[in-house]
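Structure record follows, encoded as structure tokens.
We're numbering straight along the sequence, starting at 1. This is a predicted model, so every value here is computed, not measured.
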Amino acid sequence: MSEMITADLVDLDLSAETKEAAARALAERMVAKGRVTDLDGFLADVAAREAQMPTGLDGGIGIPHCRSEHVTEPTLAFGRSAAGIDFGAPDGPADLIFLIAAPAGAAPAHLTILSSLARQLMNTEFTDALRAVGDAGAAAALIRGDETAPEAAVAETAEEPVAATAVTSEEAPAPEAAPDSPFRIVAVTSCPTGIAHTYMAAESLENAGREAGVELVVETQGSAGFTRLDPAVIAAADAVIFAHDVPVREKDRFAGKPTVDVGVKAGINRPAELISEVRGKAERGEVTAGSGAATPVERAGDSAEGYGTKLRKWLMSGVSYMVPFVAAGGLLIALGFAIGGYKIKSAPSVMDHFVWTQTDSWAALMFQIGAVAFGFLVPVLAGYIAYGMADRPGLVPGFVGGMIASTINAGFLGGLAAGLIAGGVVLAIQKVRIPAAVRGIMPVVVIPLISSAVVGFLMFVVIGKPIASAQKGMTDWLNGLSGSNAVLLGALLGLMMCFDLGGPVNKVAYTFATAGIAVSNPSDSAMKIMAAVMAAGMVPPLAMALATTVRGKLFTETERENGKAAWVLGASFISEGAIPFAAADPLRVIPSSMVGGAITGALSMAFGATLRAPHGGIFVVPLIGNPFLYLIALVAGVCVTTTIVVFLKGLRQRGVEAAAAGTTTAPSSTSEKKEPVAV
């Protein structure tokens with residue numbers, strides 16, 4: 001690590017009060033050394049990474065880090081804060097701050113060096129030495145490994161592990177079974193960047209494994225790649241720990257074993273609890289039935305998370321799988337109407353009547369295919385909510401419950417209930433201690449049979465009718481909206497669409513709209529809601545694109561480049577196109593976007609614009625009712641957001657320029673007063 005950190009990249013008296021200020025202070029040292037080419041662009045990448053998950057760790061450590069195209073070579077800056085800085089760690093502020101900057105295409109060798117640092121941070125001898133060191137050069141040497149102050153940490157790293165083994169499969173031969181052999185665990189760690197948390201979790205788990213007297217082997221799936229554990233090691237393991245925030249690669253290798261599935265920070269902060277928990281599952285015979293492909297929510301949630309957080313993840317899992325069916329079905333239905341008119345919904349089945357040369361036949365074909373796709377919405381929603389909760393065993397009861405919800409006209413609300421019930425039933429069944437002789441048929445026969453029967457009974461007999469009544473009441477209420485009520489609803493939906501730009505609140509508004517049109521004959525109110533939601537969702541990226549065009553000097557070079565892409569993303573109804581701007585300057589971008597989105601949503605509802613397609617942006621304008629007024633609503637919102645964000649950024653820039661002018665003027669005036677004396 002001789003080239004990654006020098007004394008110039010160390011600040012032992014870091015005076016920043018916030019994590020943003022700390023990152024900027026350390027990044028400025030990187031800029032001065034020529035390691036970072038664009039300060040604001042790099043800090044935007046750091047902020048985006050921080051938004052994914054706080055980088056504070058127990059023990060007073062903060063490790064903001066990212067991979068960025070603005071980094072010329074792997075670099076590390078270190079700061080020590082006397083007052084402490086809040087990086088979101090459970091135990092309070094951090095006094096040791098490591099800013100890790102990796103190029104977008106960093107070589108595996110460099111990433112391996114950074115991962116070694118991450119492992120060192122788990123050794124208290126190393127961190128204690130950093131708190132005691134009094135010279136920047138000595139601190140840099142300590143981090144590089146040139147000095148041997150934390151001798152215990154070095155010795156521990158160098159010696160062959162006894163109870164906990166190393167990461168790679170070559171260093172982890174399969175142990176032979178023995179009656180008195182220790183408990184064996186295999187683990188996988190991974191994080192979004194794959195530089196720091198991945199390796200810190202591995203080190204923490206290995207240390208806890210040694211203390212607990214278990215054999216623990218870790219596979220780190222980091223940016224430098226990963227070496228698969230020997231299949232024999234996995235086969236001999238008694239249990240599995242997943243500590244990850246990105247999908248585990250080739251997860252099916254670990255199927256059929258007791259498993260604890262948590263976020264990567266749980267692996268760092270409470271490894272002993274995870275080991276104890278997975279041993280308990282093994283003793284009770286709780287086995288993970290299998291593992292499918294990567295999902296947006298691959299785990300029920302970190303046990304340290306609140307129920308609300310877990311519930312949001314489960315629901316988002318179902319919504320994320322439902323949206324493609326909405327887009328495909330909705331666009332096909334809309335095209336069918338555009339070609340054949342609204343009478344096409346009464347056309348006979350194309351299996352009975354299809355004429356190759358008639359446009360009405362093609363329109364009917366598209367409408368009927370789209371209607372079939374729409375028929376999957378509620379079952380898919382319910383099935384993948386259950387999948388998010390209970391993995392693959394939740395699919396069967398989830399789909400069954402969702403189809404029942406469609407059959408009894410319980411609709412969107414019924415799908416939500418069915419998915420949650422199915423996931424809960426499967427989780428309850430999996431907690432029952434099962435004899436080893438019948439474990440093999442659990443995922444194929446027992447769990448699908450029992451869970452489907454329970455979910456079907458509850459949906460048909462107990463809760464189906466009340467939910468169907470609630471669904472009908474909500475539909476009637478929407479159909480009755482008019483005047484100021486409709487305008488207020490449009491403004492509220494516009495605010496939600498622009499609040500988190502593709503996040504959970506945005507998805508709630510979008511799902512609410514698409515659920516209304518996910519029928520063969522949606523009401524006029526439902527189509528107005530869909531139009532308002534899509535228009536509001538287009539505002540943030542289009543406004544950022546316009547702002548970078550009219551006042552480019554207020555934005556960094558990277559933001560100006562992102563602005564070019566935002567034109568296309570916004571026009572295509574992809575709200576996420578504004579995320580780079582919101583991550584870099586959330587206090588100005590997000591409120592500005594919300595104001596513009598609310599105006600667009602309200603105007604769209606006031607103008608009575610309707611939309612049958614659930615996606616498409618400006619490319620489905622021909623399918624919109626009152627398209628001219630709809631575009632006026634969109635332009636109004638974009639102009640309002642652009643005006644506000646340019647005004648706010650202009651105020652900030654003038655403040656910065658005034659402060660800089662005041663700093664340079666004072667010495668200048670002093671110099672001018674002294675010059676006559678010198679003469």
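Among all heavy-atom pairs drawn from A468 and I408, the shortest one is CB-O, 3.6 Å. In terms of heavy atoms, A364 sits closest to A347 at CB-CB, 3.9 Å. Heavy atoms only, all atoms of each residue included: R184 and A236 are closest at CD-O, 3.5 Å. G415 approaches A405 most closely through the heavy-atom pair N-CB, 3.8 Å. Closest heavy-atom contact between G402 and A418: N-CB, 3.8 Å.
A 4.5 Å side-chain heavy-atom check between L216 and L205 finds at least one atom pair inside the cut-off. Within the 4.5 Å cutoff, no side-chain heavy atoms of V278 are placed close to those of V240. Side chains of D524 and T610 form a contact here, defined as non-hydrogen atoms less than 4.5 Å apart. S406 places a side-chain heavy atom less than 4.5 Å from the side chain of P379. The shortest distance between side-chain heavy atoms of Q221 and T189 does not fall below 4.5 Å. In this structure, V264 and H244 have side chains that are not in contact, with every pair of non-hydrogen atoms separated by 4.5 Å or more. By the 4.5 Å heavy-atom criterion applied to side chains, V214 and R279 are counted as neighbours.
Using modelled atom types, one side-chain atom of T259 and one backbone atom of K257 make a donor-acceptor pair closer than 3.5 Å. Under a 3.5 Å cut-off, the side chain of S276 and the backbone N or O of A272 do not form any donor-acceptor pair. For the pair D238 (side chain) and F183 (backbone), a donor-acceptor distance under 3.5 Å is absent. Although no hydrogens or angles enter the test, the distance criterion places no donor-acceptor pair under 3.5 Å between the side chain of T220 and the main chain of T198. One N or O on the side chain of Q368 and one on the backbone of V350 form a donor-acceptor pair closer than 3.5 Å.
In this structure E50 satisfies the side-chain hydrogen bond (donor to acceptor under 3.5 Å, both in side chains) test together with T55, sequence neighbours excluded. By the side-chain contact (heavy atoms from CB on, under 4.5 Å) test, L395 pairs with Y384, Y387, R392, F399, sequence neighbours left out. Partners of F376 according to the ring-ring contact (aromatic ring centres under 6.0 Å, His included) rule, which considers only residues two or more places apart in sequence or in another chain, are F325. Under the ring-ring contact (aromatic ring centres under 6.0 Å, His included) criterion, F573 pairs with Y510, H615, not counting sequence neighbours.
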Do D261 and K251 pass the side chain to side chain contact (heavy atoms under 4.5 Å, CB included) test, and can you show the C-alpha distance, the side-chain angles, and the key distance before you say yes or no? CA-CA 11 Å; D261 198 341; K251 188 177 181 182; 3.3 Å; yes
Which is it for E219 and L229 under the side chain to side chain contact (heavy atoms under 4.5 Å, CB included) test, yes or no, and what are the steps along the way? CA-CA 6 Å; E219 177 180 289; L229 289 172; 3.6 Å; yes
Any chance you could lay out the side chain to side chain contact (heavy atoms under 4.5 Å, CB included) test for R253 and R228, step after step, and finish with the verdict? CA-CA 10 Å; R253 294 174 292 157; R228 293 165 184 80; 3.6 Å; yes
Going through the distances and angles, do I185 and V217 end up as a side chain to side chain contact (heavy atoms under 4.5 Å, CB included)? CA-CA 6 Å; I185 300 174; V217 190; over 6 Å; no
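Put simply, CG on L332 and CE on M366 are 7.5 Å apart, with the number rounded to the nearest 0.5 Å. Between the CG atom of N485 and the CG atom of L489 there is a distance of 9.0 Å, given to the nearest 0.5 Å.
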Under 3.5 Å, which donor-acceptor pairs link side chains of residues 452-461 to any protein atom two or more places apart or in another chain?
from	atom 1	to	atom 2	distance (Å)
S452	OG	P448	O	2.8

Indicate every side-chain donor-acceptor pair of residues 421-429 with a distance under 3.5 Å to a residue at least two apart or in another chain.
none

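More than 12 heavy atoms of other residues, nucleotides or ligands sit less than 6.0 Å from atom CZ of F354.
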